[in-house]
Every structure is written in structure tokens, then in C-alpha cells.
Engineer: 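This is the structure I have questions about; it appears just below.
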Protein chains: 2
Amino acid sequence: MDTAAADLDEVEMLERAWHDVTPAPARRLLIAAVQAFGERGYHATTTRDIATRVGMSPAGVYVHYRSKEELLYRICLIGHRHSLVALRAAAARSGDPMTQLRDVIGEFAAWHALFHTPARVISYELNHLDPAHLTEITALRHEMDLVVRATLEHGVKAGVFDVPDIPGTGLALLSLTVDVARWYRTSGRRAPEDIGALYADLAVRMVQAR
Amino acid sequence: MDTAAADLDEVEMLERAWHDVTPAPARRLLIAAVQAFGERGYHATTTRDIATRVGMSPAGVYVHYRSKEELLYRICLIGHRHSLVALRAAAARSGDPMTQLRDVIGEFAAWHALFHTPARVISYELNHLDPAHLTEITALRHEMDLVVRATLEHGVKAGVFDVPDIPGTGLALLSLTVDVARWYRTSGRRAPEDIGALYADLAVRMVQAR
DNA sequence: GAACTAAGTAAGCGCTTGCTTAGGATGCCG
DNA sequence: CGGCATCCTAAGCAAGCGCTTACTTAGTTC
């Protein structure tokens, strides 16, 4: 798979996933910001860069967004909301603890690969948010923690998981999936669903008695 | 444990671990850069900030380093060398595959917690290096990959590990340890050695037959 | 057609940044 | 004591940054 084409795929996916960001130029700016922030980092990205990516003048950004920070805030908000929706949907799919764990970890890992650029932004650039925004986003991140932890508790209560340290294991599982965004490359040899399958398998091993 | 005191501990550890960076003002600048880059990110850190942290004028930085990028390069170099040394020492400690795996993963995870600020810099800011420097550092990172992979191969060959996908599992194990630098807080409830122990346990579970 | 709205531009502002230059201070050595 | 090396400073430069302002254009409504 050609990398430029894969990047185009990610843009297309974002256009679809973020179709409710309107008007269209505002959405295109937000997606351009994701690309730029993901590639260069928030502070190394200029508003001129973002504007140029969508064929606007630098002042065009301010027609739709109050500031550069607002772009980041919006990205973090929509990115976390979407990943939480994906996570919760995966958790709700099965009542069987082992299947549930496979679904939760497998799909979350795949999500981080599929949307690796926004995932990178929401995981590594969020510290550049204004304090109030950071607090809000941190709370959303904590929600993910709770979903994974509930999945482990479910398995322990059902007597099929052996997890001596639920918070620690939950943190490790979440950590595994989140870090996919750092190392994943569309030019790499593993497709998102393969990563998901591998991680689901490893998660199951982590909760079983030795 | 008080956070400011713990940060001071990290500075002291770095003063000791980096004692061969001379003269002393050069070392103090490098450590100040680690703190600043770790807290704010490379691009959001000014040379004035770094200089001020060690009580120098902004021009003082250039007495010892050619550029801001050279600070980052040096940090990445020394950080990776030290973590590689730690990793290899852990791998060499035992000939028993299971113990070796516990040592490698447990101590690497603990290292990322203990030195979480430089670890954060070398994992998340390296993309801001000049291209030639980035290539060099990327090769060092690849060395870590090889150590972990060799550990898995050792166990598989000895017939005590069940790892269908060695590269993938190696990547996941490395990913687990590297991501400690992102989430670890000295104010958190887990000490580095506790994290190491938890991760060693999870690693062992990941390589055993289900 | 006039008024308004939405979306955008060109120009520019005030400030910041990484870095350079010219010079200074201190300590050491012959 | 003079020369040199080391370590540093004050001042300033050129470029760039996020953002503002005054204006333009196109579309819509009455």
C-alpha cells in the first residue's frame, strides 16, 4: 500500500467520521490541523501551515475558530468522544467476559492504528491545551480507564479471569492500545485488524491463570 | 512523597548518571533542557527558558552547544545509550529464559518510570531532530527491539515460551515499557519497582501457552 | 435594488524566537 | 605580570508567529 494513498484514506475516513463538523471548510481546517499537529506537533505547526493545507489565507482559520488552541481542543474533544463510543460499543457487544475483553482490547488497538494521526494528537499534544480544556479532556480519558477496568472486573467476578491487580492490569492494557498510535505506520507490515487480533490474544493471556 | 522533592531526585539521578557530561555547566544545561523539553515539549521550550533554569543568560547556552537541536540530539543520544546499557545488563543477568524475560521487561519498565522525564523526551520529541540525527537515534531504538526479540527467541528455542508471533509480541512488550514514560507520575501510587514487577508478571503471562 | 450575512483576503501589528557579536571577568601558567 | 583559555554577558538582529483589522465578494432575502 502506498503511503500517500493511505494518508488520503485517513483523510477520507476523517471526512466521513467528522461529517457533523460544519460548514465544510471548518471540517477541512480541522482535518488539516490533525495532519499538521500529528506530523509536526502542536507548537511546531503554524496557523499559516494549516491554512495553506486547505488553500486559505492564514486569517481564514479565524473565520471558523477563535484560536489555534481551539483547533486542538476541538480535535481532542471529537477524537476522545469517537474513541469512547468505539470502546463502549465493543464492550457492549458480548456478555461473555473473555469475548468482551477480546472485543474491547482488539478493537481499541485497531482504532488507534486506523486513526493513528488523530490518536497521536489526542495522546501526545493534549498537554498544550489551556488548563480548563485539559481538565475536561483528562476526564474523558479517565472514562476509557473505567471501561477497561469494568471489563476486567466482569471477568474476575465471573471467576474466569485471574487478575491480582485490576487497576494495574487495566492501565497496562490501555497503555498497550494507546501506544499503537506512536509506533503504527501505514507503510508497516501489520494491518490495523492484525494488530487488534494480536493484542486481543495477548490481553487474554494476561488475564489467565498461570 | 512530595512531587517537587521527587523531581529533585530525578535531577540528582541525572547529575549522577550523566557525570561524564563536562564541564558541569554543560551538564546542568542538558539536564535543564530535559526538564523543559519533558514538561513543555521541544518546540514550546525557548532557549531563554533553558538558560534561566541554570541561572545563565540565553547566550550562555551557545557557549556549550551549537544549537537548540544539539541539546535535543545529545539528550537522545545519552538517553538511548543508557537505556540500552540497562536493557542489555538485564538480559545478561540470567540464562534462564523466564527469569531473563522478567528481568528485561521488569527493569526496562522500572527504568522508564525512574527516568520518566528523559524517557519522555527520547520517545516523543525525537521527531524534531535533524534528519541525520534522527536516523542515528532510530537505529539505537531498533537495538532495543533486537534485545527484546532475542529474549523471546531464547525462550521459544528452549521450548518454554509459546509465542506464535515473535516480532509482534516483542513490539507489544517494548510498547508497554516505553509508554510508562507517558503515564507515570511521581505523585502516582505505583513506585517504579512495583511497575516493573507488575510488568514482569504480565510479560510472563503473555508468553505462556493458554 | 438594497441590506444583510457568511466566508474569505491582504496587510500589518506587536511580540517572540534562535542565534550572533562584541566585549568582559576569572583563573591558570610560564 | 601578561597571555591565554574558559566561561559567560548585554545587546541586538532577522525572521517568524498568532492574531487583528478593514475590506471584498458572493449569495440570500425582502
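In what follows, chains carry the letters A, B, and so on, assigned in the order in which the sequence lines appear, proteins first and then strands, with residues in each chain numbered from 1. Because only heavy atoms are used, hydrogens play no part in the values below, and waters and symmetry mates are left out as well, while side chains stay in.
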Engineer: Go through the structure and list residues passing side chain to side chain contact (heavy atoms under 4.5 Å, CB included) with B:A200, not counting sequence neighbours.
Structural biologist: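 Once residues adjacent in sequence are excluded, the partners of B:A200 under the side chain to side chain contact (heavy atoms under 4.5 Å, CB included) criterion are B:R102.
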Engineer: Distances for protein N/O vs nucleotides 9-13 of chain C N/O pairs under 3.5 angstrom?
Structural biologist:
from, atom 1, to, atom 2, distance (Å)
C:dT9, OP1, A:S57, N, 3.3
C:dT9, OP2, A:S57, N, 2.8
C:dT9, OP2, A:S57, OG, 2.8

Engineer: Identify, residue by residue, the members of residues 16-47 of chain A with a heavy atom below 4.0 Å from DNA chain D, and return them in order of residue number, or none.
Structural biologist: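 When residues 16-47 of chain A is checked for heavy atoms under 4.0 Å from DNA chain D, the hits, listed by number, are A:T45, A:T46, A:T47.
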Engineer: Please report the distance, rounded to the nearest Å, between OH in B:Y62 and C1' in C:dT20.
Structural biologist: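 To the nearest whole Å, that distance equals 10 Å.
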Engineer: Before accepting this row, confirm whether a basic side-chain N of the pair B:D145/B:R141 lies closer than 4.0 Å to the acidic partner's carboxylate O.
Structural biologist: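 Looking at B:D145 and B:R141, the cut-off is not met.
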Engineer: Can you list the residues that meet the salt bridge (Lys or Arg N to Asp or Glu O under 4.0 Å) rule with B:R81, with sequence neighbours excluded?
Structural biologist: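 B:R81 satisfies salt bridge (Lys or Arg N to Asp or Glu O under 4.0 Å) with no other residue.
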Engineer: Suppose we screen for salt bridge (Lys or Arg N to Asp or Glu O under 4.0 Å). Which residues come up paired with B:R189, at least two apart in sequence or across chains?
Structural biologist: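 Result, salt bridge (Lys or Arg N to Asp or Glu O under 4.0 Å) vs B:R189: none returned.
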Engineer: Closer than 3.5 angstrom, by distance alone: can the side chain of A:Q100 be matched with the main-chain N or O of A:A91 as a donor-acceptor pair?
Structural biologist: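 Side chain of A:Q100 to backbone of A:A91: a pair is present.
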Engineer: Whole-Å distance between D:dC7 C1' and B:Y65 OH?
Structural biologist: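 Rounded to whole Å, this separation is 14 Å.
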Engineer: With B:H154, which residues qualify under ring pair (Phe, Tyr, Trp, His ring centres under 6.0 Å), at least two apart?
Structural biologist: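 B:H154 satisfies ring pair (Phe, Tyr, Trp, His ring centres under 6.0 Å) with no residue once adjacent residues are dropped.
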Engineer: Should the ring pair B:F108 and B:W111 be called parallel, tilted or perpendicular, given that the plane angle runs from 0 to 90° and is split at 30 and 60?
Structural biologist: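 Plane angle under 30°, so parallel.
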Engineer: Show me the dot-bracket string of DNA chain C, counting Watson-Crick or G-U pairs under 3.5 Å, with | for pairs to another strand and [ ] for crossing ones.
Structural biologist: ||||||||||||||||||||||||||||||
Engineer: So does A:H64 get a side-chain nitrogen or oxygen closer than 4.0 Å to the phosphate oxygens (OP1/OP2) of C:dA6?
Structural biologist: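 A:H64 to C:dA6 OP1/OP2: no side-chain N or O under 4.0 Å.
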Engineer: State which residues pass side chain to side chain contact (heavy atoms under 4.5 Å, CB included) with A:S94; sequence neighbours excluded, sorted by chain then number.
Structural biologist: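 Side chain to side chain contact (heavy atoms under 4.5 Å, CB included) list for A:S94, sorted by chain: A:D96, A:T99, A:D103.
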Engineer: Check whether A:R27 reaches the backbone of A:V21 with its side chain - one donor and one acceptor, N or O, closer than 3.5 Å.
Structural biologist: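 Judged by distance alone, yes, a pair lies under 3.5 Å.
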Engineer: Mind jotting down which residue pairs meet the side-chain hydrogen bond (donor to acceptor under 3.5 Å, both in side chains) criterion with at least one end in residues 52-61 of chain B? Sequence neighbours excluded, please.
Structural biologist: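 Sorted pair list: B:E39-B:R53, B:D49-B:R53.
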Engineer: For nucleotides 22-28 of chain C, just jot down a letter per nucleotide in 5' to 3' order: B, S or -, based on protein non-hydrogen atoms under 4.0 Å.
Structural biologist: -------
Engineer: Given atom NZ of B:K68 and atom P of C:dT17, what is their separation to the nearest angstrom?
Structural biologist: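 The distance from NZ of B:K68 to P of C:dT17 comes to 9 Å, rounded to the nearest Å.
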Engineer: Once ring pair (Phe, Tyr, Trp, His ring centres under 6.0 Å) is applied, what residue pairs with a partner in residues 25-51 of chain A remain, sequence neighbours excluded?
Structural biologist: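 For residues 25-51 of chain A: A:F37-A:Y42, A:Y42-A:H128, A:H43-A:H128.
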Engineer: Rounded to whole Å, how long is the line connecting atom CG of A:D130 with atom C1' of D:dG18?
Structural biologist: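 It works out to 13 Å between those atoms.
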Engineer: Under 4.5 Å between any side-chain heavy atoms of B:E10 and B:H116, yes or no?
Structural biologist: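 Yes; the side chains approach each other to less than 4.5 Å.
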Engineer: Calculate the interatomic distance between B:E69 atom CD and C:dT17 atom C1'; express it in whole Å.
Structural biologist: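 The distance from CD of B:E69 to C1' of C:dT17 comes to 17 Å, rounded to the nearest Å.
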Engineer: Taking salt bridge (Lys or Arg N to Asp or Glu O under 4.0 Å) as the definition, give me every residue that meets it alongside B:E193, ordered by chain and number, with sequence neighbours left out.
Structural biologist: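 Listed in chain order: nothing, the list is empty.
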